[in-house]
Amino acid sequence: MTSPSVPTLVQDSGVPFDVFIQSLTEQLDKAQAAMALKARVAKLPLTFAVKDVSLDLRAFVQVVDDDVFVRPSSPGDTEASTIKLTLTTITRSMVEENAVDFKAEEPQFTLREALQGHMSDEDQRRLERIGVRTVEQLTELRKTAGTDVVARLARMPVNRLQQALMVAAAPRVTQVEAPGPESAGNGRGGLATRVHLQAPGLRAGRIPFVRAAGQDVPVVESHEGRIVLAPHATQLGLEAEVDFGDGEVAHVPLTAGSLGRWASGRAAGGAA
Amino acid sequence: MLRDLSTVLEDLHRGMLAAADRAGPGVRINHAEMSLPVDAALVFKDGGCVLLADVARSHADASWRESPSRLTLVWAEMPTEALP
């Protein structure tokens with residue numbers, strides 16, 4: 001007899017394997033955190049920690065739509081498979097040695113900030129589960145694996161992912177570089193403030209047309225995915241219009257850390 | 001009654017510390033291994049999937065399982081500051 005409150009798929013097939021692994025690691029992390037907290041509160045110099053965990057889980061395994069589902073065996077079940085999992089603990093020093101330096105990457109542009117409410121928390125969690133936490137990671141993964149693959153891995157509808165990619169591909173100011181004191185009297189003249197923009201949708205060889213305060217903004221460098229502007233002093237801090245061609249127009253304030261937005265009417269498919 | 005696996009691990013940790021405290025003079029435990037038959041289940045609660053588990057309390061409780069799941073834990077003594 002099955003409970004009507006539990007979805008049929010859960011009753012029959014269990015949960016996706018990655019969800020099971022995530023629930024296991026969450027429990028281990030929670031336990032380790034609680035044990036570490038107790039040791040710190042008690043000011044113990046040494047404590048016992050789980051070094052290795054092995055779980056031989058008696059379970060039924062089923063493949064549904066290319067996904068592996070796991071259901072732990074229940075009382076009375078026979079002929080269950082055994083899934084053997086072994087996990088090990090990483091210490092603080094191992095974490096520090098292997099951690100990605102987010103500061104060096106792009107501190108102000110986490111996926112959450114860049115998408116500016118255009119993606120639900122659940123969809124963001126889906127992307128985080130596959131290791132995508134920043135705009136850079138998302139655009140890199142799309143380049144190497146393709147939108148369809150990313151959507152399938154993250155278990156997201158392709159159209160929602162495309163919409164997120166479009167928003168994430170809007171230009172943003174990564175750095176405002178003030179002219180150094182040496183530029184004033186070295187005869188080079190004209191070395192103005194440089195505004196560095198990242199624009200994941202910008203292809204190499206294309207120079208966007210940028211305007212602010214009714215005047216052109218000089219584009220001094222254009223590379224794949226980023227441009228450098230040399231705005232006039234009167235244009236700094238104002239909203240610039242960046243025309244990438246093919247109807248792709250975005251607006252971005254010329255201030256450090258600004259996130260751009262696409263002009264209305266831009267086609268979702270134009271994010272590539 | 002199954003509990004969150006983390007709660008079970010915390011109880012085992014408490015037992016491990018108590019056992020280490022009770023070690024006689026001149027003896028120090030710095031490594032231990034537990035291999036335990038467990039019952040496990042996955043449930044949806046608090047907006048996610050939670051792994052519940054517990055050790056079999058007695059043979060009478062778990063005799064209906066010919067081959068239960070098994071949890072093996074290796075405990076090691078380590079500096080508190082090295083914990084993640």
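Note on naming: letters A, B, ... go to the chains in the order of the sequence lines (proteins, then strands), and numbering restarts at 1 for each one.
Atom CD of A:E122 has more than 12 neighbouring heavy atoms from other residues, nucleotides or ligands inside a 6.0 Å radius.
Contact record, A:P72 with B:A41: CG-CA, 4.1 Å, taken as the closest heavy-atom pair.
You'll find the side chain of A:F48 reaches within 4.5 Å of the side chain of B:H13, heavy atoms only. The shortest side-chain heavy-atom distance between B:E33 and A:D52 does not fall under the 4.5 Å cut-off. Here the side chains of A:V53 and B:T72 are not in contact, with every heavy-atom distance at 4.5 Å or above.
A distance of 8.0 Å separates CG in A:D56 from OG in B:S69, rounded to the nearest 0.5 Å. For the atom pair CG (B:D4) and CD (A:E26), the distance works out to 10.5 Å, reported to the nearest 0.5 Å. Here CG of B:L73 is found 9.5 Å from CG of A:L55. Values are rounded to the nearest 0.5 Å. In this structure, OG in A:S74 is found 8.0 Å from CG in B:D39, a value given to the nearest 0.5 Å. Atom-to-atom distance recorded for B:C49:SG and A:D18:CG is 10.0 Å, nearest 0.5 angstrom.
In terms of heavy-atom pairs under 4.5 angstrom with chain B, the leader among A:A33, A:A80, A:A34, A:P45 is A:P45. In terms of heavy-atom pairs under 4.5 angstrom with chain B, the leader among A:Q32, A:K38, A:R40 is A:R40. Counting heavy-atom pairs under 4.5 Å between each of B:L71, B:L9, B:V43 and chain A puts B:L71 at the top.
Judged by distance alone, with hydrogens and angles left aside, the side-chain atoms of A:Q27 form a donor-acceptor pair with the main-chain N or O of B:S6 at under 3.5 Å. Listed for the A:T47 side chain is no donor-acceptor partner under 3.5 Å among the backbone atoms of B:T80.
If you measure heavy-atom distances from A:K84 to chain B, you find no contacts under 4.5 Å at all. For B:L36, no part lies near chain A; criterion is any non-hydrogen pair under 4.5 Å. For chain A, the nearby part of B:E81 is the backbone; its heavy atoms alone come within less than 4.5 Å.
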Legend entry - Test log, rule side chain to side chain contact (heavy atoms under 4.5 Å, CB included), inputs A:L24 and B:L5: CA-CA 8 Å; A:L24 173 61; B:L5 177 64; 3.7 Å; yes

Inset, instruction - Given side chain to side chain contact (heavy atoms under 4.5 Å, CB included), test A:L46 with B:R28 step by step and report yes or no. - result: CA-CA 12 Å; A:L46 293 168; B:R28 182 172 151 200; 3.1 Å; yes

Inset, instruction - Dump the intermediate steps for side chain to side chain contact (heavy atoms under 4.5 Å, CB included) on B:V50 and A:S23, then the final yes or no. - result: CA-CA 5 Å; B:V50 179; A:S23 63; 5.8 Å; no

